[in-house]
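For reference, the structure is listed below as structure tokens.
Atoms within a ligand are numbered from 1 in the order they appear, just like the ligands themselves. Heavy-atom basis, side chains included; hydrogens, waters and symmetry copies ignored.
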Amino acid sequence: MDDLQAVSWLDGKVRLLDQTKLPEELILLEISDYRHIITSINNLTVRGAPAIGIAAAFGVVLAIWGADESDRADFLRNVNKAIDELKATRPTAKNLFWALEKMRTAMSKNLNRPLRQVKEAMLNEAKAILQDDIERCRKIGDFGQELLPFRCTVLTHCNAGALATGGHGTALGIVRSAIDKGKKIKVFVDETRPLLQGARLTTFELTEDDIDVTLITDNTAAYAMKKGLIDVVVVGADRIARNGDVANKIGTYGLSILAKEHKIPFIVAAPLSTFDPDLASGADIPIEERDGDEVRRIGSLQIAPEEVAVYNPAFDITPHNFISAIVSEKGIARFPTEEKLSEWLK
Ligand code: MRU
């Protein structure tokens, strides 16, 4: 997977691996207009909390890359406009807002320099956000792998892998690091309706890496647990509130209830860029609702009447007391509490 980066910078352009086309087609888009980054985040060409943040950071660079280097007021206006528009793409993943604030700070800190140098400083910041995310994922992997038995089957949901991050992945980073340590890991993946990130993306990237993967429908998770086929659940996160409540792909909450009932450890993996200490609990996390056609259709195939009402929240909230451990680049918080997590954020 190392050569298949979700987001990268290449000669003044942002390169995105088009995740709407996987696994059927492997298409690399080269984007030079930040408005194309906005549509790419909206339509999930690039998706996954850290990857959205990285793409948005490079989007800010695109917005100013060709800008007139003599008009400072115009430059400032364009950066702020691009940041505001990028922020309005998806509401749930904290990493988007985190990365855009880092870009705004990079601009403010350098604003008294010639605009050419401000551009370079902002490009360097976006590159650092990407590189930093890869390093955070590797640390999450190294810490988190300790939680996996030598031989086990992990159930994961959606895609919290290399495709959702700078590389390596969060939940899948734990799987990869465990395998690197010589552990014998199998992965079960929920297909993850409506947009099938599990079926299309997680199976793709694990297969690319020759990791033993089995696809199940979302409805099968309970039965697979009952049959003793799952030893541990590992998922990613889009935002983690101060008390440890976690927003992640719709269906994650249900899995946490199932895991508790079957006495299976339930692990969440996320970098600190996903944490939101400003929000007291999961009840405060904004949950994105997406177009009903994502449910009425599977790809281009219509599976429900055109006019049927649909409720399509993209994420749900898993309460902290249903979580056995949260893993970040700082370590492992077992039975996460506000006190334990606040240590990481100091
Ligand atoms: O709608 P998506 O595909 O962006 O949702 C992604 C998820 O829910 C992931 O689990 C989460 O962003 C963590 S990615 C490391």
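Shown are Glu289, Glu288, Glu294, Arg290; of these, the side-chain hydrogen bond (donor to acceptor under 3.5 Å, both in side chains) with Asn312 is made only by Glu294.
Residue Asn159 places a heavy atom under 4.0 Å from ligand 1. Heavy atoms of Ala93 come nearer than 4.0 angstrom to ligand 1 in no pair at all.
Not a single N or O atom of Ala164, backbone or side chain, sits closer than 3.5 Å to an N or O atom of ligand 1. In terms of polar-atom proximity, Gly48 is counted as a contact of ligand 1, with an N or O under 3.5 Å from an N or O of the ligand.
Of the protein's non-hydrogen atoms, the one nearest atom 10 (O) of ligand 1 is Asn248 OD1, 2.7 Å. Considering only non-hydrogen protein atoms, atom 13 (C) of ligand 1 sits nearest to Ala237 O, 3.4 Å. In terms of protein heavy-atom proximity, atom 6 (C) of ligand 1 is nearest to Arg47 NH2, 3.5 Å. Summary of contacts: the protein heavy atom closest to atom 7 (C) of ligand 1 is Asp238 OD1, 3.3 Å.
Between Phe322 and Tyr253, the ring planes lie tilted relative to each other; the angle falls in the 30° to 60° range.
Using a 4.0 Å cut-off to heavy atoms of Ala49, the atoms of ligand 1 that qualify are 12 (O), 14 (S). Of all atoms in ligand 1, listed by their number and element, those nearer than 4.0 Å to a heavy atom of Pro50 are 14 (S), 15 (C). Per-residue contacts place Gln197 under 4.0 angstrom from the following atoms of ligand 1 (heavy atoms of the residue considered): 1 (O), 2 (P), 3 (O). Taking a cut-off of under 4.0 Å to the non-hydrogen atoms of Thr165, the atoms of ligand 1 that pass are 15 (C).
Here Lys249 has heavy atoms under 4.0 Å from ligand 1 in both its backbone and its side chain. When non-hydrogen atoms are compared, ligand 1 lies under 4.0 Å from the side chain of Cys158 (C-beta onward) but not from its backbone. Heavy atoms of Ala51 found under 4.0 angstrom from ligand 1: none, in either backbone or side chain. Using a 4.0 Å cut-off between heavy atoms, Arg90 contacts ligand 1 through its side chain alone, with no backbone atom that close.
Closest heavy-atom approach to atom 15 (C) of ligand 1 among the candidates Thr192, Leu196, Thr170, Val268: Thr170.
Listed by chain and residue number, nothing satisfies the side-chain hydrogen bond (donor to acceptor under 3.5 Å, both in side chains) test with Arg72 (two or more places apart in sequence, or in another chain). With sequence neighbours excluded, the residues forming a salt bridge (Lys or Arg N to Asp or Glu O under 4.0 Å) with Glu343 are Lys346, listed by chain and number.
Between Lys183 and Arg151 there is no side-chain heavy-atom pair separated by less than 4.5 Å. Annotation: side chain of Asn110 is not in contact with side chain of Gln117 (no heavy-atom distance under 4.5 Å).
Note that CG of Leu163 and CD of Gln5 are 11.0 Å apart. Values are rounded to the nearest 0.5 Å.
Counting heavy atoms of neighbouring residues, nucleotides and ligands inside a 6.0 Å radius, atom NZ of Lys260 exceeds 12 of them.
For the pair Lys184 and Phe150, the NZ or CZ position fails the cation-pi test of under 6.0 Å to the six-membered ring centre and within 45 degrees of the ring normal.
Residues Met122 and Val61 come closest through the heavy atom pair O-CG2, 3.7 Å.
Judged by distance alone, with hydrogens and angles left aside, the side-chain atoms of Asp245 form a donor-acceptor pair with the main-chain N or O of His320 at under 3.5 Å.
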